[in-house]
Amino acid sequence: ETTKNHPQALKSAQQYIEIGRQLAERHQDKLFIAYAYEELGKIKRLQKEFQQAEVLLKKALEYHKAFRGSYGQTNALIQLARIAADQNDFDGSEQYFQLATAIAVESDAPTNKIWILLAQADVMQQQSNDVLANNFAQQAMEIAKNTQRAHLISRVDAWFNKHSIYELN
């Protein structure tokens, strides 16, 4: 999310993703369409265009539901939770997190669980609740260590070190 300080980068990314979405629709690549809507929704959230972001993310969610894409559903729900939190609707945010968590638990997807916990940690920091934020991040670290996947551990470490996940790629 380091792009939030670079509006031109967001605009450029939006243009490329929109072209990709149009091509995917032309070829009926529903998975790519879903991801394109998801990325466009993230961009709109970062641009603080929350209503448009919600519409795009709900479209992404519908595509992911149609082919039971648990990873994509979880990501769209995380973004919807972030939008709710950005608008100080913390109850709505928690509802989206609960839906995302239910999907991650049902599909037994540790990566999804980590992303949910780190997003919850971010929302708790946003509310100046550092204790709960650290608790969520610690839970994410436990899951990451249990997977024994270095990239997941480094992503959680990045949260603790206040580095954007984009700096790791």
Side-chain angles (χ1 to χ4, degrees), residues 1-4 6-86 92-123 136 140 143-144 146-156 158-159 164-169:
E1 298 198 5
T2 58
T3 56
K4 67 175 109 181
H6 305 285
Q8 191 56 42
L10 285 174
K11 192 172 208 161
S12 179
Q14 180 180 343
Q15 291 169 342
Y16 286 116
I17 293 168
E18 184 59 39
I19 291 168
R21 184 195 60 79
Q22 290 170 5
L23 287 170
E25 284 184 355
R26 200 172 306 141
H27 296 285
Q28 290 301 298
D29 183 341
K30 292 182 180 184
L31 180 60
F32 193 86
I33 294 168
Y35 283 118
Y37 278 128
E38 189 179 319
E39 292 301 316
L40 290 168
K42 286 180 193 177
I43 290 169
K44 290 298 178 187
R45 179 181 67 81
L46 292 170
Q47 293 171 330
K48 303 210 180 301
E49 295 177 28
F50 300 125
Q51 190 172 17
Q52 286 182 321
E54 266 188 76
V55 168
L56 292 163
L57 289 162
K58 286 180 178 178
K59 282 183 182 182
L61 189 56
E62 290 306 311
Y63 274 97
H64 287 300
K65 280 182 182 178
F67 44 84
R68 301 183 195 275
S70 62
Y71 184 79
Q73 287 181 59
T74 303
N75 282 338
L77 289 166
I78 289 169
Q79 291 301 314
L80 288 165
R82 287 181 179 273
I83 289 169
D86 287 345
S93 179
E94 182 55 31
Q95 288 175 359
Y96 283 122
F97 280 133
Q98 287 176 5
L99 289 170
T101 300
I103 293 167
V105 168
E106 181 182 317
S107 62
D108 193 29
T111 303
N112 295 30
K113 292 175 189 176
I114 291 168
W115 298 153
I116 294 164
L117 289 165
L118 291 179
Q120 287 176 300
D122 287 343
V123 169
F136 282 124
I143 294 169
N146 286 337
T147 67
Q148 299 180 345
R149 295 184 199 157
H151 73 282
L152 293 177
I153 295 168
S154 67
R155 293 271 174 108
V156 180
W159 187 91
S164 167
I165 62 168
Y166 299 106
E167 293 174 16
L168 300 173
N169 294 332

Pairing of E54 and K58 as salt bridge, 4.0 angstrom limit: yes
S12 (side chain) donor-acceptor with A9 (main chain) under 3.5 angstrom: no
Closest non-hydrogen atom pair, T147 against P110: CG2-CB, 3.6 Å
Cationic N near anionic O, under 4.0 Å, D86 to R45: yes
Nearest-0.5 Å distance, CD1 of residue I43 to CD of residue E38: 11.5 Å
Steps toward side chain to side chain contact (heavy atoms under 4.5 Å, CB included) verdict (I78, N75): CA-CA 5 Å; I78 289 169; N75 282 338; 4.2 Å; yes
Side chain to side chain contact (heavy atoms under 4.5 Å, CB included) between K44 and L40, worked out: CA-CA 6 Å; K44 290 298 178 187; L40 290 168; 5.6 Å; no
Approximate separation, where rounding is to 0.5 Å, of L77 CG and Q79 CD: 10.5 Å
Check: H64 ring centroid to Y71 ring centroid under 6.0 Å: no
Derivation of the side chain to side chain contact (heavy atoms under 4.5 Å, CB included) call for L31 and Y63: CA-CA 7 Å; L31 180 60; Y63 274 97; over 6 Å; no
Identify every side-chain donor-acceptor pair in residues 92-101 under 3.5 Å, counting partners at least two apart or on other chains, and give the distances.
| residue | atom | partner | partner atom | Å |
| --- | --- | --- | --- | --- |
| S93 | OG | A81 | O | 2.9 |
| T101 | OG1 | F97 | O | 2.8 |

CA sep, side-chain torsions, deciding dist, call: I33, K59, side chain to side chain contact (heavy atoms under 4.5 Å, CB included): CA-CA 9 Å; I33 294 168; K59 282 183 182 182; over 6 Å; no
Gap between atom CZ of R82 and atom CZ of F50 - 0.5 Å precision: 12.0 Å
S70: side-chain contact (heavy atoms from CB on, under 4.5 Å) partners, not counting sequence neighbours: I103, S107
Gap between atom CD1 of I143 and atom CD1 of I153 - 0.5 Å precision: 12.0 Å
Any K65 side-chain heavy atom under 4.5 Å of L61 side chain: yes
Spatial distance of atom CD1 (I17) from atom OH (Y35) [nearest 0.5 Å]: 13.5 Å
Point-to-point distance, once rounded to the nearest 0.5 Å, from CD1 of I114 to OG1 of T74: 12.5 Å
Sidechain N-carboxylate O distance under 4.0 Å for K42, E39: yes
Nearest heavy-atom neighbours spanning A140 and L117: N-CD1, 3.6 Å
